[in-house]
Amino acid sequence: MQVLGATGNFVKGVLPAIGSFVKNVLPGGKPGQPESQKIGGKENAETNTKEVAAETAELKAQTGKVMANGTEVSGRALELMHELTLRGATVFNGSDAAVKGHFQCRMLPVIEPSLSENTEERDERMAQVIEEFRAHLEDRTKHHLGYPYNLDFNYGALKSLQDFSINNLGDPFIASNYGVHSRQFELGVLEWFARLWEIPTDDYWGYITNCGTEGNLHGILTGRECLPDGILYSSKESHYSVFKAAMMYRIKAVKIDTLPSGEIDCADLLLKLDRTKPAIINANIGTTVKGAVDDLDEIIKTLYEAGYTDDRFYIHCDGALFGLMIPFVKAGAPLVTFKKPIGSVSVSGHKFVGCPTPCGVTITRKWCMEKLSQTIEYLNSRDATIMGSRNGHAPIYMWYTLTRKGYDGFQKDVADCLKNAHLMKQRLRSHGITSMLNELSSTVVFERPQEEAFVRKWQLACEGPIAHAVVMPNITPEKIEYFVADYLKSRKLFPTTPELVAGCLATMGKHAEL
């Protein structure tokens, strides 16, 4: 919707409200409003649809006048924007009401500057918006528990590098004509992971991706290029990006059943393998919801049992979170290593490493890249990456953390996370809350809270009757106690049901603890 034609009157009328708009809307409700009544409460998600639609139409009618002739937006229009946003309705993007089961994102309008406006005053108001948003982020960070991001980091020493547009476009091993890059840091990070996963320097190729999904997209694409008529096999508890890759690349994909722990059921894999076609396998080094680790050795054994030779299968290891943790778990844990017949491994950099921007690492065997790599004259380089342009700050963040912590530092972080995950499971269990924790995981699974506002407050990831918390280095025993106490309060107001407990038990199997 066009708002660029708004005049100084519109700016004058709306801009002063931005600070209070952000203050009231971004945290999720009005000051002093009970949590259950804010966006995310059951009542607001499921009621007043007709009323919201009518008010949205009224708001559109009023704001339409603003766009048409630049008149000052009325106080009633701002009021309606407030209310509709709090209820989860989108005002300008074509959807008039909250979608049941989902919550529409709220809009912070871009206000065009006016020639008659004081620049200093505008900058001051913008600074206020940013400061209030920072406060919002601090609160959300305080109550973050359900997603696998390590929020314990400090990159203040790298602040001066924000003055540069760093882009590692193309192949990390071959410099392009664009000189503002950080390839030297990227190559150092790749070598660190190559040593971790035991592949010689001359035998690997890789790059720092923009996210974990890109690592999966690249690994599965490499598998398809190596085995063009291959079938993709992955457990039904794999990350959704695996099946997104199959859709994008038009690869036939077969979902394999899982054990109650969440790891792949190799007996079902053996039954579903089409022996007339090559196999592209996605092995999960930590599933999304339960944190289960697929048994890589058992997968390889199953392929051999089915009559596959090394040249007729390709294994990509999705190690988004646990790919970096597994090497530092107790002796005897299944190893992810290129000494086994695997094709590629990927991890996320914004998860256990703790980078402030999404990023990741993917490493594959150098010979696999021959079909993907192309000479790009425009770059004076080659490229086999998915995205081409890549965030040049990410390798510096990763290099900085790897250098500061080293292998010993990560080993300590892993030990602390596993210890605190056991603490959380025990505290939940002591209050009669159904829970489970896989042996090699820091993902604590428990019965899904019945209060939607509580789920959103703690940013819990839920699936069916279960929810989970991912214990990362920033999750302390104190935060665990705070969460458990808050959960118990919510549970009194929104009690669990026998059906929910039965669903948890069915989902967790013998791993459930009451």
With heavy-atom distances below 4.5 Å as the criterion, would you say the side chains of Phe164 and Ser182 are in contact? no

Checking ring-ring contact (aromatic ring centres under 6.0 Å, His included) against His350, which of Tyr397, Tyr149, Phe153 comes through? Tyr149

side-chain hydrogen bond (donor to acceptor under 3.5 Å, both in side chains) between Ser235 and Asn284: does it pass, once the steps are laid out? CA-CA 8 Å; Ser235 88; Asn284 295 304; 3.3 Å; yes

Is there a donor in the side chain of Asp383 and an acceptor in the side chain of Ser373, or the other way round, less than 3.5 Å apart? no

Could you check whether atom CD of Glu120 has more than 12 heavy atoms from other residues, nucleotides or ligands sitting under 6.0 Å from it? no

Kindly compute the distance separating NE2 (His393) from OH (Tyr400), expressed to the nearest 0.5 Å. 15.5 Å

Examine Tyr147 together with Trp458 and report whether their ring centres are nearer than 6.0 Å. no

Of the non-hydrogen atoms in Pro465 and Leu500, which two are nearest, and what is the gap between them? O-CD1, 3.4 Å

For atom CD of Glu121, decide whether the heavy atoms of other residues, nucleotides or ligands shown that lie under 6.0 angstrom number more than 12. yes

Measure the acute angle between the ring planes of Phe410 and Phe328, then classify it against the limits of 30° and 60° as parallel, tilted or perpendicular. parallel

Mind checking the CD1-CH2 spacing from Ile363 to Trp197? Nearest 0.5 Å is all I need. 5.5 Å

Hey, do the aromatic rings of Tyr207 and His218 have their centres closer than 6.0 Å? yes

Within a radius of less than 6.0 Å around CD of Glu191, do more than 12 heavy atoms belonging to other residues, nucleotides or ligands occur? yes

How far apart are the closest heavy atoms of Val470 and Ile475, and which atoms are they? O-CG1, 4.0 Å

